[in-house]
Peer 1: 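One structure coming up, written as structure tokens, with questions to follow.
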Amino acid sequence: TLNRALSLLVHGGPGVGKTWLADTAPAPRLVFDAEGGNRFTLSRKVGWNPLLGPPPVYDGTWETCVVTLRDYGVVDTIYQWLNSGQHPFRSVGLDSLTEAQKRALDSISGLDQPTQSHWGALLRQLEEVVRIDPLTTHRADYLVVADAGGLRDHLHAEAPQDLSAF
């Protein structure tokens, strides 16, 4: 059989339904929640702290496993679990890439003004997140949710042309 996975970057303004869309991905799903928006979606949820133990066992009582992304350091631990194949997830979502980027930059530069090397480290960290091969996560679909405000602000600083194509 042919394994298929979907990688998707959803771009849109606040309140257009990016988080709701992520909540419709095939269950069981894992969501890195950096914005807190998943508390408003309708799926049955269970929380998981990857630093304290393995992912929850899928028993049909939940559809979405939520990891609250307060510190970017937890992302590496999540990817170790995903790459091990010892997880029940069919779908993985990051809500949002922009908020994850802010947390990553905080972990790299702390309270200091970011330097050029900090920005390079940030680029390398985020490339690992968005370039992951869904097939290596053992049949997990991969869904990235991004908010338009943050992306548009960063893109506008470099390219002030019309961003409607992004």
Side-chain angles (χ1 to χ4, degrees), residues 1-108 121-151 154:
T1 71
L2 178 63
N3 287 331
R4 294 180 185 225
L6 173 67
S7 295
L8 178 66
L9 174 64
V10 180
H11 174 76
V16 300
K18 299 174 302 293
T19 301
W20 282 81
L21 178 63
D23 201 52
T24 66
R29 70 188 71 83
L30 171 65
V31 174
F32 301 54
D33 189 3
E35 294 186 332
N38 279 279
R39 68 182 182 272
F40 300 112
T41 60
L42 299 177
S43 65
R44 295 171 293 159
K45 296 172 186 62
V46 64
W48 174 38
N49 183 339
L51 300 176
L52 298 180
V57 173
Y58 183 63
D59 59 7
T61 62
W62 56 273
E63 299 157 319
T64 304
C65 176
V66 179
V67 174
T68 303
L69 191 59
R70 292 185 184 97
D71 179 350
Y72 191 81
V74 75
V75 172
D76 288 333
T77 304
I78 294 169
Y79 278 108
Q80 287 173 10
W81 280 109
L82 291 174
N83 289 328
S84 77
Q86 298 176 10
H87 64 83
F89 310 118
R90 291 188 55 210
S91 303
V92 179
L94 173 58
D95 189 10
S96 77
L97 182 59
T98 303
E99 286 300 318
Q101 173 188 345
K102 291 174 185 176
R103 303 236 184 354
L105 186 58
D106 290 345
S107 73
I108 294 167
L122 176 65
L123 175 63
R124 287 188 302 278
Q125 281 191 6
L126 291 179
E127 281 180 337
E128 290 297 315
V129 171
V130 298
R131 293 178 66 197
I132 188 171
D133 179 355
L135 297 177
T136 64
T137 61
H138 300 271
R139 295 179 307 277
D141 299 323
Y142 190 72
L143 174 65
V144 177
V145 180
D147 70 274
L151 283 178
H154 293 294

Peer 1: Mind checking the OG1-NE2 spacing from T98 to H11? Nearest 0.5 Å is all I need.
Peer 2: 9.0 Å
Peer 1: Describe, in one word, how the ring planes of Y58 and W62 are oriented to each other, choosing from parallel (under 30°), tilted (30 to 60°) and perpendicular (over 60°).
Peer 2: perpendicular
Peer 1: Can you measure from CG (L51) to CG (D76) and round to the nearest 0.5 angstrom?
Peer 2: 10.5 Å
Peer 1: Side-chain contact, heavy-atom cut-off 4.5 Å: C65 with P28?
Peer 2: no
Peer 1: Would you indicate whether R44, at its atom CZ, is surrounded by more than 12 heavy atoms from other residues, nucleotides or ligands within a distance under 6.0 Å?
Peer 2: yes
Peer 1: Tell me the closest heavy-atom pair linking A34 and S96, and the distance in Å.
Peer 2: CB-N, 4.0 Å
Peer 1: How close do A100 and L69 get, counting heavy atoms only, and between which atoms?
Peer 2: CB-CD2, 4.0 Å
Peer 1: To the nearest 0.5 Å, tell me how far L122 CG sits from R103 CZ.
Peer 2: 13.5 Å
Peer 1: Could you state the interatomic distance from CG (L105) to OH (Y72), rounded to the nearest 0.5 Å?
Peer 2: 11.5 Å
Peer 1: Using side chain to side chain donor-acceptor pair (under 3.5 Å) as the criterion, point out the one residue from T41, D33, D95 that pairs with T19.
Peer 2: D95
Peer 1: Taking side chain as C-beta onward, heavy atoms only, is D71 less than 4.5 Å from V74?
Peer 2: no
Peer 1: For the atom pair CH2 (W81) and CZ (F89), what is the distance rounded to the nearest 0.5 Å?
Peer 2: 10.0 Å
Peer 1: Give me the one residue out of L30, N38, V75 that meets side chain to side chain contact (heavy atoms under 4.5 Å, CB included) with V67.
Peer 2: L30
Peer 1: Which one of R29, E63, K18 satisfies the side chain to side chain contact (heavy atoms under 4.5 Å, CB included) criterion with D23?
Peer 2: R29
Peer 1: Within the side chain of R90, is there an N or O that forms a donor-acceptor pair under 3.5 Å with the backbone of A25?
Peer 2: no
Peer 1: Between atom CG of D106 and atom CD of Q101, what is the distance when rounded to the nearest 0.5 Å?
Peer 2: 10.5 Å
Peer 1: Salt bridge check, K102 against E99: does any charged N sit closer than 4.0 Å to a carboxylate O?
Peer 2: yes
Peer 1: If I compare all heavy atoms of Q125 with all of S107, which pair ends up nearest, and what's the gap?
Peer 2: OE1-OG, 4.4 Å
